[in-house]
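Encoded as structure tokens, the structure appears first; notes follow it.
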Amino acid sequence: MYYIGAEEQQAVLKVLEKGDLCRYGPEDSTVSNFERDVEEKFNTKHALATNGGTSSLIVGLYAAGIGLGDEVIVPAYTWVATPASVVIANAVPVIAEIDNSLTIDPEDIEAKITPRTRAIMPVHMIGVPSNMSAIKAIADKHNLLVIEDSAQAIGASYKGKRLGTHGHIGCFSLQQSKIITTGEGGIVIADDQQYADRARMIHDGGNLWGISAHSDAFFPGMNFRMDEMRGAIASVQLTRLDGFIENMRIRKRKLRQAITDVDGIELRKLHDEEGDAATTMVFLLPTPDLASKFGERMSEYGVGAGPMYSHGNGDKHVYPGWEYILRKKTYHPNGLPYSHPSYGKIEYSDRMCPKTLDYLGRAICIGVHPEMTDEGIEKVSTAICSAANDIF
Ligand SMILES: Cc1ncc(COP(=O)(O)O)c(C=O)c1O
């Protein structure tokens with residue numbers, strides 16, 4: 001879901017007319033202005049724009065000092081970039097179950113903690129907040145860092161505070177399938193000055209261009225910089241964000257109301273309904289078999305919907321599809337980080353998180369667009385009621 005209008009076109013043309021395409025050329029950089037806009041909107045001290053969500057996760061992990069010998073707990077349901085970024089940071093991802101909110105299950109986080117655990121990465125999948133109170137309590141108890149993967153949940157909040165600001169570091173994606181977009185792009189936010197400085201250095205060749213208060217701490221970095229055209233688009237998109245989210249919330253509320261009494265349907269648990277920024281509405285059926293039948297009936301009623309996971313479908317949002325992670329394949333010929341002696345035997349299997357496969361196998365996901373009409377809502381809710389009537 002995305003919308004690009006005349007304002008974005010004008011903003012890009014302005015950059016092209018000026019001719020400074022790199023953020024470190026112009027006096028009045030669009031990328032720097034976007035970072036200030038994010039700080040204000042998210043009520044956070046430091047924002048850094050990057051060239052992607054994956055880049056933001058890598059920057060976040062490096063900024064937190066995660067590396068060889070560390071383990072990071074990630075949910076079994078997330079885009080493969082989450083565990084992949086942990087491996088790129090030379091650490092090992094430990095995979096935890098999700099619960100009926102389709103976000104990481106705090107109970108399984110506790111069960112997966114070892115003396116090597118350094119961080120938890122909650123992922124607010126399809127715009128819905130993870131259980132941040134429980135996650136922060138566990139992190140505090142075990143002295144762990146929390147790096148929020150908010151790639152799919154920009155603008156969402158939990159208990160009145162925007163997602164990405166609950167942990168030590170928050171990471172976002174502005175890739176085209178997200179709520180707002182620059183085609184490719186990302187953001188890293190942090191309140192802590194040290195994390196923010198380290199993130200800026202890592203994303204910019206070890207701070208090749210900027211001026212840091214920590215110049216004695218310089219170290220080699222990469223190039224994950226956002227360019228000026230994307231900075232210009234990003235600021236306009238940010239002004240649209242809350243409107244998109246509110247319009248989706250109004251439509252989801254209507255849909256939820258319309259199906260609330262349908263027997264056999266359990267709505268996805270929302271840890272904070274007020275903060276939800278989902279572009280979908282998700283509910284669970286009693287079994288995967290019924291979910292398949294339900295999907296077939298929905299198609300007959302003209303609404304595309306089916307179970308979110310089926311065995312062997314290769315979806316890289318669900319851990320059995322993370323082939324290179326499960327096989328512990330890395331860029332390094334000796335298999336680092338997994339082969340490092342500080343790790344015991346790390347075991348993965350495509351059956352290791354059965355609860356996750358069960359939830360996703362019986363979950364049905366319906367797309368909700370901010371401009372969905374009342375007729376569209378009526379069509380979807382009628383299809384849901386009719387399909388449920390047919391199969392139960
Ligand atoms: C949960 C999650 N994390 C990370 C990413 C990576 O973002 P990008 O595609 O911008 O690199 C995505 C992108 O889809 C995502 O959904």
Side-chain angles (χ1 to χ4, degrees), residues 1-2 31 34 38 47-64 66 72-89 93 95-96 98 101-104 119-130 132 135 146-156 158 163-164 166-167 169-189 199 202-203 222-227 230-231 233-234 237-238 241 276-280 282 308-309 314-319 321-322 324-325 356 360 363 365 367:
M1 180 215 94
Y2 69 99
V31 179
F34 171 59
V38 172
L48 174 74
T50 70
N51 61 2
T54 309
S55 316
S56 297
L57 294 176
I58 297 167
V59 166
L61 286 157
Y62 274 72
I66 305 288
V72 177
I73 300 179
V74 302
Y77 172 48
T78 176
W79 178 240
V80 67
T82 317
S85 63
V86 175
V87 177
I88 291 164
I95 305 172
I98 57 166
S101 67
L102 308 192
T103 62
I104 196 162
I120 308 166
M121 283 178 98
V123 186
H124 311 299
M125 279 305 269
I126 32 179
V128 168
S130 309
M132 291 312 294
I135 293 167
V146 176
I147 300 172
E148 292 178 70
D149 181 343
S150 310
Q152 297 193 7
I154 189 163
Y158 176 76
L163 294 184
H166 290 263
I169 295 174
C171 305
F172 301 89
S173 167
L174 298 172
Q175 183 268 338
Q176 190 159 300
S177 64
K178 306 304 183 294
I179 302 170
I180 56 170
T181 186
T182 52
E184 301 284 355
I187 312 166
V188 181
I189 58 174
I202 292 146
H203 110 295
M222 297 168 248
N223 175 2
F224 291 142
R225 298 189 294 264
M226 180 181 270
D227 64 78
R230 280 191 269 181
I233 297 171
Q237 286 276 294
L238 199 63
L241 178 62
D276 152 42
T279 53
T280 57
V282 175
M308 290 173 70
Y309 173 74
D315 181 357
K316 288 185 170 31
H317 290 90
V318 192
Y319 76 96
W322 305 345
Y324 53 62
I325 300 287
T356 297
L360 295 172
C365 182

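Atoms within each ligand, like the ligands themselves, are counted from 1 in listed order. FYI, side chains are in, hydrogens and waters are out, and symmetry mates aren't considered; it's all heavy atoms of this structure.
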Ser150 side chain to Phe172 main-chain N or O, any donor-acceptor pair under 3.5 Å?
-> no

Positive for side chain to side chain contact (heavy atoms under 4.5 Å, CB included) with Ile169, one of Val146, Val188, Val59, Ile189 | Val188

Check ligand 1 for N or O atoms under 3.5 Å from a protein N or O and list each pair with its distance.
{"residue": "ligand 1", "atom": "3 (N)", "partner": "Asp149", "partner atom": "OD1", "Å": "3.2"}
{"residue": "ligand 1", "atom": "3 (N)", "partner": "Asp149", "partner atom": "OD2", "Å": "2.8"}
{"residue": "ligand 1", "atom": "10 (O)", "partner": "Gly53", "partner atom": "N", "Å": "2.8"}
{"residue": "ligand 1", "atom": "10 (O)", "partner": "Ser173", "partner atom": "OG", "Å": "2.7"}
{"residue": "ligand 1", "atom": "11 (O)", "partner": "Gly53", "partner atom": "N", "Å": "3.4"}
{"residue": "ligand 1", "atom": "11 (O)", "partner": "Thr54", "partner atom": "N", "Å": "2.8"}
{"residue": "ligand 1", "atom": "11 (O)", "partner": "Thr54", "partner atom": "OG1", "Å": "2.6"}
{"residue": "ligand 1", "atom": "14 (O)", "partner": "Lys178", "partner atom": "NZ", "Å": "2.7"}
{"residue": "ligand 1", "atom": "16 (O)", "partner": "Gln152", "partner atom": "NE2", "Å": "2.8"}

Of all heavy-atom pairs linking Ile180 and Leu241, the shortest is CG2-CD1, 3.9 Å

Heavy-atom closest pair, residues Cys365 and Val282 | SG-CG2, 4.0 Å

Assess the side chains of His166 and Glu148: does a donor N or O sit below 3.5 Å from an acceptor N or O?
-> no

Rounded to the nearest 0.5 Å, the CG atom of Leu163 sits from the CD atom of Gln152 at a distance of 12.0 Å

